[in-house]
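What's counted below: heavy atoms across the whole structure, side chains too, no hydrogens, waters or symmetry copies.
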Amino acid sequence: MADISFLLLTFFLLTSSITNEQGIRRIMPQISDKQDQIHEDVNQRNMLRILVNMNDDIYITGAEFTVGKEIKNKDIAFELKDIAKKFLENPNDSPLYPEKDPKDCGGDVGTYMVSKGVISLVSDNSTTYKTYILVQNELQRAVNELRDELALNIYGQPCEKLAPEERQSIEKAIPLNISETFNN
C-alpha cells in the first residue's frame, strides 16, 4: 500500500504543472562608480508624468495635459495607452510633445528620428498591486504598438517575429524610457 501511495504521489508531482509568478521585465540601470550623481535636466516638454495615488486614481500631467487629467480605473485601458502612444510618437512634431533627434538605429531602420520622451511614473506605496500592474501593462502596450507599427512598415511583420538584430534596431528607434519612483 505504501509503494502504491508513493508511486501515485510521484506520478502527480511529475505530471502536474506549478504556475510560476511572472514579474515585470525591466533592465535596471547600472550602479555608478562615481560618488556624485550626474543630474541631467529633462526639458519639460519631454516629460509625461503619471501619478497613481493611494485611492488608485491616475493623474497625468505633461504635454497637452498641463492642468492635469484624472483617469478612473475603468477607462485606463483606453486612455492611458493612447495618451502614452501619442506622447512618444509626436506624429505632427508638435511643440507640446517630446523633441526628436536623428539616431542611427542600424539594420533596415537606418537613421530614425528617436523621441526624447520620458514617462515618469510615481506610485504611492499604498497603491494596489493590481492598479500598478495595469498602468505598467498599458505603458508597455503603447511602446509595443509603436514598435509593431514601425516593424510592419520596414520589415512587413510584427516586432516579435523579427530576427534578434532586426528587433534591436526597432528597440533603438522606439526606446522604453520609464522613470519609476514611489511615494511614502
Side-chain angles (χ1 to χ4, degrees), residues 24-34 36-53 58-71 76-124 132-155 158-160 162 164-183:
I24 301 172
R25 288 184 51 172
R26 292 285 185 258
I27 298 173
M28 302 303 288
Q30 298 293 324
I31 296 175
S32 176
D33 294 336
K34 300 177 184 176
D36 28 9
Q37 185 179 6
I38 299 171
H39 181 269
E40 183 179 333
D41 289 328
V42 177
N43 189 339
Q44 293 304 310
R45 82 179 248 195
N46 295 337
M47 183 76 70
L48 180 69
R49 290 172 192 79
I50 301 172
L51 172 66
V52 184
N53 68 13
I58 299 155
Y59 191 73
I60 300 174
T61 59
E64 62 189 33
F65 306 107
T66 52
V67 272
K69 177 176 176 107
E70 186 176 342
I71 298 177
I76 191 170
F78 302 106
E79 290 194 52
L80 185 59
K81 176 193 65 83
D82 293 336
I83 290 168
K85 189 175 170 183
K86 184 177 177 185
F87 173 78
L88 293 171
E89 186 177 30
N90 190 2
N92 301 323
D93 290 327
S94 169
L96 297 175
Y97 289 97
E99 302 164 298
K100 294 181 180 181
D101 275 344
K103 182 177 179 182
D104 182 26
C105 299
D108 291 338
V109 177
T111 302
Y112 189 79
M113 295 299 286
V114 178
S115 174
K116 289 183 172 183
V118 176
I119 297 174
S120 172
L121 175 59
V122 180
S123 300
D124 192 272
Y132 177 77
I133 293 299
L134 195 63
V135 170
Q136 285 284 345
N137 284 344
E138 293 307 310
L139 295 177
Q140 183 69 51
R141 197 163 69 134
V143 171
N144 288 346
E145 283 186 14
L146 288 171
R147 287 177 177 171
D148 282 343
E149 289 171 7
L150 182 60
L152 286 169
N153 286 339
I154 294 174
Y155 298 108
C159 195
E160 65 190 28
L162 297 177
E165 57 276 353
E166 293 171 338
R167 186 177 301 141
Q168 283 180 340
S169 63
I170 295 292
E171 289 172 357
K172 283 182 185 177
I174 313 283
L176 177 65
N177 292 329
I178 297 178
S179 167
E180 294 184 61
T181 56
F182 293 92
N183 285 338

What are the two closest heavy atoms between [X] and [Y], and how far apart are they?
X	Y	value
Pro175	Ser115	CG-O, 4.5 Å
Arg167	Glu160	NH2-O, 2.8 Å
Ala142	Lys85	CB-N, 3.9 Å
Tyr97	Lys86	OH-CE, 3.3 Å

Side-chain heavy atoms of [X] within contact of [Y], under 4.5 Å:
X	Y	answer
Asn90	Lys100	yes
Asp101	Val114	no
Leu152	Pro158	yes

State the [atom1]-[atom2] distance between [X] and [Y], to the nearest 0.5 angstrom.
X	Y	atom1	atom2	result
Leu176	Arg147	CG	CZ	6.0 Å
Gln168	Leu162	CD	CG	11.5 Å
Ile119	Arg49	CD1	CZ	12.0 Å
Leu51	Ser123	CG	OG	8.0 Å
Tyr132	Leu121	OH	CG	6.0 Å
Leu139	Asn137	CG	CG	9.0 Å

Please name all residues satisfying side chain to side chain contact (heavy atoms under 4.5 Å, CB included) with [X], sequence neighbours left out, ordered by chain then number.
X	result
Leu150	Tyr112, Ile154, Ile170, Ala173, Ile174
Ser179	Val118
Glu99	Asn43, Arg45, Asn46, Lys116

Kindly determine whether Ser169 and Asp108 satisfy side-chain contact (heavy atoms from CB on, under 4.5 Å), including the steps that lead there. CA-CA 8 Å; Ser169 63; Asp108 291 338; over 6 Å; no
Show your working on side-chain contact (heavy atoms from CB on, under 4.5 Å) between Asn53 and Tyr59 and close with a plain yes or no. CA-CA 8 Å; Asn53 68 13; Tyr59 191 73; over 6 Å; no
Among Val122, Thr61, Leu80, which residue satisfies the side chain to side chain contact (heavy atoms under 4.5 Å, CB included) criterion with Ile50? Leu80
